[in-house]
Amino acid sequence: MTTASSARVDASRGRARRPVWWPSAGVLRGGMLGGVATAAGIALTATSGWLIVRAAEQPVVLTLLTAIVAVRAFGIARPVFRYWERLVSHDAALASLAEQRTAAYAGLVPLTPARLGRRRRSDVLTGVVEDLTDVVDAQVRVTVPVVASAVGGLLAIALTARLSPAVGLVLAGLALAVAAISLLALRLESSSLDTLLAARAEVTRVSELATGSATELRAVRGWSTAMGWLDDAHADLARSSSRQSAGRALAAGLFLVAVAAAVVLTAGIVAASALPGPVKALLLLTPVALADAITPLADAMRALARAQGSAARIAALLGQAPAVRGRPSRGGRRRGMGGTGRAGRPAAPHIEVRGVTASWDDGPDQLGPVDLDLAPGSRVAVVGPNGSGKSTLLAVLGRHLDPRAGRVLWDGADVIDLPLEQTRAEVALVDDEPHVFATTLRGNLLVAAPSATDSDLHEALDRAGLADLVAALPDGLDARLGGCDRALSGGERARLAIARALVSGRPVLLLDEPVAHLDLPTAQAVLGDLMRAEVGDHGRTIVLVTHQPEGLELFDRVVRLDRPGSRGE
Amino acid sequence: MRPFDLRLLRAAPVLRPALAGLATLGVLSGIATVATAFALSAVVVAVVTGTALAGPVLWLGVLFALRAALAATTEVVMARAGVVASTAMRSALLRRLGTLPAERRPERGAAVTLATSGSTAIEPYAARFLPALVTAATVPALVVAALVVVDWPSALVVASTLPLLPLFAALIGRATAQSTERRWAALAALSGHFLDVVRGLPTLVAYGRAERQVGPVREVSTRHRHATVRTLRLAFLSSAALELLATISVAIVAVLVGLRLAGGSMTLGPALTAILLAPEAYWPIRRVGTEFHAAADGTAALDDVLTALDEGRGAAVADETLQQPAAPAAPTAPTARDLTVEARGLCYRHPGASADVLSGLDISAAPGLTVVTGPSGVGKSTLLELLAGLRAPTGGAVCAPAAHLLTQRPFLAAGTVRDVLTIGHPASDEALWEALRRVRLDGVVAGLPGGLAAPLGDDGFGLSAGQRQRLALARAWLSPEPLLLLDEPTAHLDGPAAETAHELLTELAERRIVVAVTHRPELVALADAQVRLARPVASPASRPTRALGGLA
């Protein structure tokens with residue numbers, strides 16, 4: 001790990017140590033403004049009570065004027081300050097969202113892809129984006145209401161305490177009770193959140209399984225069994241949701257009970273006091289008005305529980321050490337190793353894998369030991385049961401994961417001693433989750449080769465079997481893809497990723513189950529087109545990892561891996 | 001969007017009790033709130049005038065306790081309604097998808113979205129928005145009715161200002177609709193940028209472009225911040241305007257009440273009650289506004305799900321028979337229908353394709369082994385799916401008994417070996433071991449920790465391709481269906497394993513109709529009949545006979 005990337009990771013760790021509700025200056029300002037709005041609301045109810053009771057004593061109307069002005073001012077102040085608060089706190093929260101997004105992105109770069117999990121990396125990354133939103137949401141949905149309630153409540157307590165210390169004491173007791181109930185609500189919510197999220201994840205898994213494998217399931221008459229899994233998952237979801245709602249119900253009920261107790265106590269104290277009637281009404285209505293300041297706390301505790309979970313997930317992800325040693329990518333440097341092959345493309349290095357073992361985590365080996373000799377231009381398929389380390393091998397070859405033992409030599413030199421950026425620049429990797437950026441077709445290809453000409457792009461698209469698609473797109477290379485624009489099918493996405501790899505001109509092409517999610521005819525067509533395009537172009541080394549046995553005849557050599565520690569079939 | 005979609009109740013009748021419960025709770029809470037205003041003003045009057053306090057305080061306490069119970073119950077019922085709504089819709093959706101022929105099913109990605117996040121988005125709509133709607137429809141009416149009794153001029157003020165709230169909301173909404181829509185679209189694009197770049201990180205890192213995006217991420221996030229605040233300002237402003245409107249209305253009530261109080265034409269009790277009641281009429285309507293935005297996603301998702309349900313309605317009828325749990329396929333007394341497979345003039349065209357993959361195909365098969373051969377891409381797998389009833393022919397007809405189809409990539413669930421083998425039908429452990437013996441997998445399974453209870457991952461984690469295929473063959477052997485369809489059943493098996501499998505198939509063919517797609521000459525040699533599929537030739541005159549069916 002280098003100093004630059006370690007500093008970044010430490011920075012993200014430092015950020016994670018702070019509680020999620022910790023306010024930025026802007027959010028604190030928003031909370032204060034919210035406190036004024038809350039206090040205005042409480043004052044509105046209390047002074048209205050004073051005014052009505054005073055009016056009933058039929059004084060000279062002029063003596064009511066101050067109170068009338070005050071009521072009017074409070075009535076207008078509440079929405080105005082609420083509006084101001086929302087603007088200020090949302091702006092501050094969005095500023096911190098921008099900052100946290102940038103930091104999280106920079107923190108993710110050295111961890112990608114090896115530390116994002118083995119499969120479904122795009123789900124992991126989507127989770128990061130959602131978790132970040134939840135964390136920043138806590139500023140608006142937790143910090144602001146809590147600060148506002150505290151400020152408004154303390155103002156109310158201080159003012160009532162001046163009129164009647166006993167009532168002030170009751171209200172202080174109410175505040176303490178509310179704080180205790182809030183903490184209880186947070187605990188209950190946090191404790192039920194994990195099981196609820198797990199239940200939701202299971203529902204999603206079963207739904208994806210059923211929709212994705214509907215034909216295969218029905219073919220073996222397993223559909224009703226799958227629907228049974230769905231029903232089980234749903235029952236589980238209902239159970240954990242009702243457990244969560246029990247906690248919420250308790251908190252919601254207790255808040256009202258606390259307010260009731262405060263109102264009854266205040267009534268007793270005020271009735272026995274010698275205060276003037278209007279002041280009695282004011283004091284009596286204050287705890288009732290406080291209920292409005294308390295209500296938002298229930299939602300705030302839910303948001304807090306969720307944000308704490310999100311923050312913990314982000315911290316766990318960003319707190320990992322990168323999986324590769326070596327100089328970090330600094331951009332700008334292009335490859336300069338080896339000679340040049342035909343068409344100006346650098347020749348593929350001779351790669352030797354010697355006794356390599358590797359693992360994605362600290363657990364037992366997930367690969368090898370394995371030996372593999374890849375002469376320039378080799379076309380090798382790596383097969384083996386799941387868990388035999390095929391993708392691990394590919395990650396080692398692509399310099400996304402360091403070997404645990406053994407060595408990988410490029411033209412005789414240990415890759416660990418070569419600059420990371422240079423070795424990675426020799427390798428194009430296509431995985432089973434090809435990403436289509438929400439930009440033009442050209443933009444999607446230029447990611448891999450910023451200086452490629454249009455004819456380079458057309459050639460790559462042609463060889464990846466996308467010529468028909470390009471012809472059909474109204475704007476050709478300028479057609480927008482991804483997002484809500486033209487949606488590509490799974491086969492087209494795989495082909496686009498292959499076109500990207502081809503246009504990069506990198507001499508080593510690693511394919512990690514690129515067609516695993518495609519239906520069989522499409523999978524065979526995509527692979528067949530790729531290998532046909534490469535016929536007679538023997539400069540490029542191609543390594544395909546697959547757990548499905550189709551298309552192996554297209555390769556020069558098939559390497560079979562076994563699970564580490566097993567004796568095979 | 002439709003604020004209240006009755007189709008939801010029709011599609012998910014199980015939701016009715018929960019929604020009815022929420023509506024009842026909403027009305028009861030409204031009544032309790034109104035009663036609290038009366039009790040509270042009685043307490044204040046008692047305290048101010050020094051009359052007996054115990055009665056009113058007791059009432060107030062009871063009412064608060066009631067409201068606490070109602071609030072707690074509402075939380076529970078709300079959560080239940082949300083879960084019932086989303087699970088009922090998801091369940092209906094997936095069950096419908098399961099009865100549709102393959103070509104009528106929506107694209108996989110769209111179907112997954114509908115079944116997961118789409119169905120979940122219905123939760124806030126059912127649990128929060130619909131009850132808020134009920135409360136908004138009933139509680140203000142209750143308050144006005146109570147005010148009529150207490151103080152009719154206040155009732156008049158509230159009744160005449162209440163309609164202004166939805167009116168103003170609609171006016172503000174209409175006036176700003178265009179700019180709001182434009183801004184939300186811009187906003188979605190800006191916030192989508194971060195998701196896009198983050199999801200694309202593996203690609204960016206692979207091509208050494210990731211670090212370069214840090215600047216753009218910061219820049220776009222900052223633009224997102226400014227655009228969001230501009231958009232939110234409008235939303236906040238309109239909600240502040242509504243709150244101000246409500247406050248002014250309450251103030252009018254207060255002024256009228258205060259003047260009459262000071263003039264001596266009104267007593268304290270009704271005056272306080274009116275002042276405490278008036279605000280309760282306005283907040284339910286404002287709450288609908290707040291929940292409206294949260295529920296908008298839900299209604300859009302609900303619309304998509306309901307549309308998908310409607311679309312599947314017609315197509316599923318013919319298929320329902322196939323989905324009935326395989327009638328304990330009485331192998332002892334096969335009916336005449338169980339004994340033959342007939343297809344006449346069978347045509348099939350993939351959706352969006354320009355030519356038929358199968359056209360005018362006639363085949364028939366009786367108990368015995370029928371092999372289907374032909375070059376790849378000629379429609380062999382499609383033919384099997386048609387015979388299994390998983391696709392609906394575009395022309396002609398298929399008459400076939402219940403079938404078990406072993407696909408090229410057989411489905412092996414995550415679970416134990418036993419789960420994988422019994423997915424369609426229950427079977428005793430003896431039968432399972434017998435099946436494993438038939439495919440010579442008994443040794444491998446016996447060696448696994450736990451034997452039949454050994455866990456396998458998704459897609460048969462830890463098994464080689466050949467072992468997975470043999471496991472699927474064992475499952476086919478166990479299945480009771482009279483028709484067995486096999487797509488390249490021995491493609492990935494080496495010599496001895498393939499021989500075992502071929503023996504197994506011939507044995508199965510003694511009792512059942514076995515139709516196998518294969519490239520293996522050994523298996524073709526064992527067949528009782530052969531169907532050769534050829535690529536259709538452009539000129540109809542020179543088209544060769546596409547198929548030779550039936551028993552040889």
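Each chain gets a letter, A, B and so on, in the order the sequences are listed, and its residues count up from 1.
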Novice: Select one option (side chain, backbone, both, neither) describing which atoms of B/L94 are under 4.5 Å from chain A's heavy atoms.
Specialist: both

Novice: Pair up each side-chain donor or acceptor in residues 67-74 of chain B with any protein partner under 3.5 Å, not counting sequence neighbours, and list the distances.
Specialist:
| residue | atom | partner | partner atom | Å |
| --- | --- | --- | --- | --- |
| B/R67 | NH1 | B/T36 | OG1 | 3.4 |
| B/T73 | OG1 | B/A69 | O | 2.5 |
| B/T74 | OG1 | B/L70 | O | 2.6 |

Novice: What option among B/V57, B/V214, B/L114 has the most heavy-atom pairs under 4.5 Å with chain A?
Specialist: B/V214

Novice: Which region of B/L40, side chain (C-beta onward) or backbone (N, CA, C, O), has a non-hydrogen atom less than 4.5 Å from a non-hydrogen atom of chain A, or is it both or neither?
Specialist: side chain

Novice: Which heavy atom of B/F194 sits nearest to which heavy atom of A/V129, and what is that distance?
Specialist: CE2-CG2, 3.8 Å

Novice: Going through the checks in order, is the side chain to side chain contact (heavy atoms under 4.5 Å, CB included) test met by A/E99 and B/R218?
Specialist: CA-CA 7 Å; A/E99 180 196 312; B/R218 185 188 306 276; 5.6 Å; no

Novice: How long is the gap from CG on B/L201 to OG on A/S122, to the nearest 0.5 Å?
Specialist: 11.5 Å

Novice: Measure distances from A/V427 to the heavy atoms of chain B and classify the residue's part below 4.5 Å as side chain, backbone, both or neither.
Specialist: backbone

Novice: Can you tell me which portion of B/H404 sits under 4.5 Å from chain A's heavy atoms? Options are side chain, backbone, both or neither.
Specialist: both

Novice: Do the side chain of B/R80 and the main chain of A/A238 share a donor and acceptor less than 3.5 angstrom apart?
Specialist: no

Novice: Find out whether A/L94 and B/H224 are in side-chain contact, i.e. whether some heavy atom of one side chain is under 4.5 Å from a heavy atom of the other.
Specialist: yes

Novice: Quick check: do A/E216 and B/P410 have side-chain heavy atoms less than 4.5 Å from each other?
Specialist: no

Novice: For A/R78, is there an ion pair with B/E243 - N to carboxylate O distance below 4.0 angstrom?
Specialist: yes

Novice: Tell me, for B/L60 versus chain A, whether the close heavy atoms (under 4.5 Å) come from the side chain, the backbone, both or neither.
Specialist: side chain

Novice: Given heavy-atom pairs under 4.5 angstrom as the criterion, report whether the side chain, backbone, both or neither of B/S479 touches chain A.
Specialist: neither

Novice: If I measure from the heavy atoms of chain A, does B/V83 come under 4.5 Å with its side chain, its backbone, both, or neither?
Specialist: side chain

Novice: Within the 3.5 Å criterion, strictly below it, is a donor on A/T211 or B/R105 matched to an acceptor on the partner's side chain?
Specialist: no

Novice: What part of B/R391 gets within 4.5 angstrom of chain A, counting heavy atoms only: side chain, backbone, both, or neither?
Specialist: neither

Novice: List for me each residue that meets ring pair (Phe, Tyr, Trp, His ring centres under 6.0 Å) alongside A/H90, sequence neighbours excluded, and say none if there are none.
Specialist: B/F236

Novice: For A/L97, is it the side chain, the backbone, both or neither that has a heavy atom under 4.5 Å from a heavy atom of chain B?
Specialist: side chain

Novice: For B/M78 and A/S245: C-alpha separation, side-chain torsions, deciding distance, then whether side chain to side chain contact (heavy atoms under 4.5 Å, CB included) applies.
Specialist: CA-CA 8 Å; B/M78 225 163 72; A/S245 68; over 6 Å; no

Novice: Relative to chain A, which segment of B/V198 carries a heavy atom at a distance below 4.5 Å: side chain, backbone, both, or neither?
Specialist: both

Novice: Please look at B/A65 and chain A and tell me whether the side chain, the backbone, both or neither of the residue comes under 4.5 angstrom of a heavy atom of that chain.
Specialist: neither

Novice: Could you tell me if the side chain of A/V259 sits less than 4.5 Å from the side chain of B/F64, heavy atoms only?
Specialist: yes

Novice: Between A/V263, A/L429, A/V128, A/T215, who has the most heavy-atom pairs with chain B when the cutoff is under 4.5 Å?
Specialist: A/T215

Novice: Apply side-chain hydrogen bond (donor to acceptor under 3.5 Å, both in side chains) to residues B/D196 and A/H435 and explain how you reach the verdict.
Specialist: CA-CA 9 Å; B/D196 189 37; A/H435 183 74; 2.8 Å; yes

Novice: Output the distance between atom CG (A/L108) and atom CG (B/L204), rounded to the nearest 0.5 Å.
Specialist: 11.5 Å

Novice: Give the member of A/I52, A/L51, A/T204 that has the highest number of heavy-atom pairs under 4.5 Å with chain B.
Specialist: A/I52

Novice: What option among A/A210, A/G49, A/P113, A/A214 has the most heavy-atom pairs under 4.5 Å with chain B?
Specialist: A/A214

Novice: At a heavy-atom separation under 4.5 Å, does A/S242 approach chain B through its side chain, its backbone, both, or neither?
Specialist: neither

Novice: Below 4.5 Å, heavy-atom pairs only: which of A/P59, A/A271, A/A95, A/A267 has the largest tally toward chain B?
Specialist: A/A95

Novice: Pick one of side chain, backbone, both or neither for A/I68, based on which atoms fall under 4.5 Å of a heavy atom in chain B.
Specialist: neither

Novice: Shortest non-hydrogen contact from B/V48 to A/G277?
Specialist: CG2-O, 3.7 Å

Novice: Below 4.5 Å, heavy-atom pairs only: which of A/T126, A/V71, A/V264 has the largest tally toward chain B?
Specialist: A/T126

Novice: Between CD of A/E208 and OG1 of B/T116, what distance do you get to the nearest 0.5 Å?
Specialist: 6.0 Å

Novice: Select one option (side chain, backbone, both, neither) describing which atoms of B/E219 are under 4.5 Å from chain A's heavy atoms.
Specialist: neither

Novice: Salt-bridge test for B/R95 and A/D231: reply yes if a basic N is under 4.0 Å from a carboxylate O, no otherwise.
Specialist: yes

Novice: Do the side chains of B/T228 and A/D91 get nearer than 4.5 Å, heavy atoms only?
Specialist: no

Novice: May I ask you to test the B/R90-A/L230 pair for a side-chain heavy-atom distance under 4.5 Å?
Specialist: yes

Novice: Quick check: closest heavy atoms across A/P79 and B/L244, and the distance to 0.1 Å?
Specialist: CG-CD1, 3.4 Å

Novice: Of all of A/R200, A/E130, A/R54, which one pairs up most often with chain B through heavy atoms under 4.5 Å apart?
Specialist: A/R200

Novice: Checking heavy atoms, do the side chain of B/S239, its backbone, both or neither come under 4.5 Å from chain A?
Specialist: side chain

Novice: One pair to check against side chain to side chain contact (heavy atoms under 4.5 Å, CB included): A/R424 and B/Y207. What are the steps and the verdict?
Specialist: CA-CA 8 Å; A/R424 277 192 182 172; B/Y207 292 108; over 6 Å; no

Novice: Quick one: what part of B/A115 sits under 4.5 Å from any heavy atom of chain A, side chain, backbone, both or neither?
Specialist: both

Novice: Please round to the nearest 0.5 Å and tell me the distance separating atom CZ of A/R101 and atom CZ of B/R225.
Specialist: 13.5 Å

Novice: So which heavy atom on B/L405 is nearest to which on A/V220, and how close?
Specialist: O-CG1, 3.6 Å

Novice: Between OG1 of B/T99 and CH2 of A/W223, what distance do you get to the nearest 0.5 Å?
Specialist: 9.0 Å

Novice: Minimum heavy-atom separation for A/Q58 to B/G263, with atom names?
Specialist: NE2-C, 4.5 Å

Novice: Heavy-atom cut-off 4.5 Å, strictly under: side chain, backbone, both or neither for A/L284 against chain B?
Specialist: side chain

Novice: Could you state the interatomic distance from CG (B/L97) to CZ (A/R218), rounded to the nearest 0.5 Å?
Specialist: 10.0 Å

Novice: May I have the step-by-step check of side chain to side chain contact (heavy atoms under 4.5 Å, CB included) for A/L87 and B/R233, ending in yes or no?
Specialist: CA-CA 7 Å; A/L87 267 194; B/R233 177 171 292 150; 3.6 Å; yes

Novice: At a heavy-atom separation under 4.5 Å, does B/T247 approach chain A through its side chain, its backbone, both, or neither?
Specialist: side chain

Novice: Please give me the minimum heavy-atom distance between A/P450 and B/R209, naming the atom from each residue.
Specialist: CG-NH1, 3.1 Å

Novice: Side chain from CB out, backbone as N, CA, C, O: work out which of these in A/A501 comes under 4.5 Å of a heavy atom of chain B, or both, or neither.
Specialist: both

